[in-house]
Number of protein chains: 2
Amino acid sequence: MEQEKIVDLEKVTKIKKIMPSDDLLFDIAEVFKVLGDTTRMKIISALLESELCVGDIAEITNSTQSAISHQLRVLKQAKLVKFRKEGKAAYYSLDDEHISTLYEIAKKHIEEGYEHR
Amino acid sequence: MEQEKIVDLEKVTKIKKIMPSDDLLFDIAEVFKVLGDTTRMKIISALLESELCVGDIAEITNSTQSAISHQLRVLKQAKLVKFRKEGKAAYYSLDDEHISTLYEIAKKHIEEGYEHR
DNA sequence: TTATCGTATGAATAATTGTTCATATATTCA
DNA sequence: TGAATATATGAACAATTATTCATACGATAA
């Protein structure tokens with residue numbers, strides 16, 4: 001009546017040891033979470049082309065100034081964008097080259113997904 | 001009394017033309033959204049080491065079998081993992097090499113962020 | 001100073017989503 | 001067939017979150 005269990009305890013404990021800390025995995029997930037919103041992705045996509053001020057981004061993304069400002073704060077906290085102030089305006093740009101790389105790879109993943117149908 | 005506006009209409013319309021379609025941007029954001037959850041990131045991280053069955057993943061991630069099964073469905077739909085059935089067990093693995101690349105870059109972004117403090 | 005422009009922010013609301021619990025399906029072994 | 005194992009799934013609940021609205025803050029020009 002007793003059946004053999006499938007769980008590979010040796011494999012499981014080995015992987016548990018190798019795995020990064022929960023904190024690091026949380027932070028990594030956090031970066032993706034911030035990139036995982038259409039409005040923020042539009043912002044990223046626009047900033048790939050040029051430094052832009054808040055009003056311009058709102059125009060380009062068909063969003064309100066307020067919505068964009070809120071989302072820019074999220075992107076700023078995740079260190080995905082940086083900004084400089086010039087008079088009344090605040091000019092935003094991508095923080096480092098990782099962002100564009102992440103964007104390109106995800107785009108490639110999507111496009112290859114379409115091919116395989 | 002009229003002040004000069006900052007909006008650069010030429011720049012805005014140019015970028016609007018260059019930008020990818022809303023559909024593509026939505027799909028790209030969707031990939032990141034799926035990666036943007038701690039549980040799913042733990043799953044990815046474990047699968048980077050080895051093909052694993054559902055029970056093993058639950059053990060490794062300290063989650064329930066049900067929670068993992070639900071999340072694996074999300075990962076499957078996003079084509080981030082694939083699986084094969086062998087008897088009672090279902091063995092899951094990463095779908096393509098993009099996933100590990102995305103993971104590595106995000107990790108690097110985090111780690112460099114820590115250095116800059 | 002006053003009016004205007006650009007941006008930021010707090011509160012409220014609506015929508016999305018991850019987990020739990022119970023249960024169903026499927027496979028293997030006695 | 002019946003019991004045990006592995007996985008999947010639907011419903012419900014709690015928590016998170018993106019947007020809107022109103023308003024505040026800061027800078028500039030008249």
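Computed from a predicted structure; not experimentally measured.
Remark: C1' of C/dA8 and CG of A/L72 are 11 Å apart, rounded to the nearest angstrom. Atoms CD (B/E86) and P (D/dT7) sit 11 Å apart, rounded to a whole Å. For the pair A/I68 CD1 and D/dT19 P, the computed distance is 8 Å after rounding to whole Å. The nearest whole Å value for the distance from the CZ atom in A/F26 to the C1' atom in C/dG18 is 14 Å. Across the protein-nucleic acid pair, A/K88 atom NZ and C/dT4 atom C1' stand 7 Å apart, rounded to whole Å. Computed from coordinates, the A/N62 CG to D/dA18 C1' distance equals 17 Å when rounded to whole Å. With rounding to whole Å, B/Q71 atom CD is found 16 Å from D/dT7 atom P. Per the geometry, NZ belonging to B/K85 stands 17 Å off P belonging to D/dT5, to the nearest Å.
Taking only side-chain atoms of B/A67, from C-beta outward, the nucleotide of D/dT9, D/dA27, C/dT20 with the closest atom is C/dT20. Looking at the side chain of B/S66, the nearest of the listed nucleotides C/dC21, C/dG18, D/dT19 is C/dC21. Side chain of B/Q65, nearest nucleotide from D/dG10, D/dT7, C/dT19: D/dT7. Ranking D/dG26, C/dT7, D/dA8 by closeness to the B/K76 side chain, first place goes to D/dA8. When the nucleotides D/dT7, C/dA22, C/dT7 are ranked by their closest atom to the side chain of B/C53, D/dT7 comes out on top.
By the 6.0 Å and 45° rule, A/K76 stacks over the aromatic ring of A/F83.
Residues B/T38 and A/A29 approach most closely at N-CB, 3.8 Å, considering heavy atoms. Here the closest non-hydrogen pair linking A/S63 and A/I68 is CB-CD1, 3.7 Å.
Within the 4.0 Å cut-off from OP1 or OP2 of C/dT20, at least one side-chain nitrogen or oxygen of B/T64 is found. Under 4.0 angstrom from either OP1 or OP2 of C/dA8 there lies at least one side-chain N or O belonging to A/Y92.
Classification of A/K16 and B/E59 as a salt-bridged pair holds, one side-chain N sitting under 4.0 Å from a carboxylate O. A salt bridge links B/R84 to B/E51: at least one charged side-chain nitrogen sits closer than 4.0 Å to a carboxylate oxygen.
Under the side-chain hydrogen bond (donor to acceptor under 3.5 Å, both in side chains) criterion, B/T39 pairs with no residue, sequence neighbours left out.
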Apply the test salt bridge (charged side-chain N to carboxylate O under 4.0 Å, His left out) to residues B/K42 and A/D22: give CA-CA distance (whole Å), side-chain angles for both, the deciding distance (0.1 Å), then the verdict.
-> CA-CA 8 Å; B/K42 285 184 186 174; A/D22 280 14; 3.4 Å; yes
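Nucleic acid contact class of B/F83 (heavy atoms, under 4.0 Å, all strands): none. Across all strands, B/S63 comes closer than 4.0 Å to no nucleic acid atom at all (heavy-atom distances).
Between the side-chain ring of B/H70 and the base of D/dT9, a stacking contact exists by the 5.5 Å and 30° definition.
Listed for the B/T13 side chain is a donor-acceptor partner under 3.5 Å among the backbone atoms of B/L9.
Near-neighbour residues of DNA chain C inside residues 31-47 of chain B, defined by a heavy atom below 4.0 Å, number-ordered: B/K33, B/D37, B/T39, B/R40.
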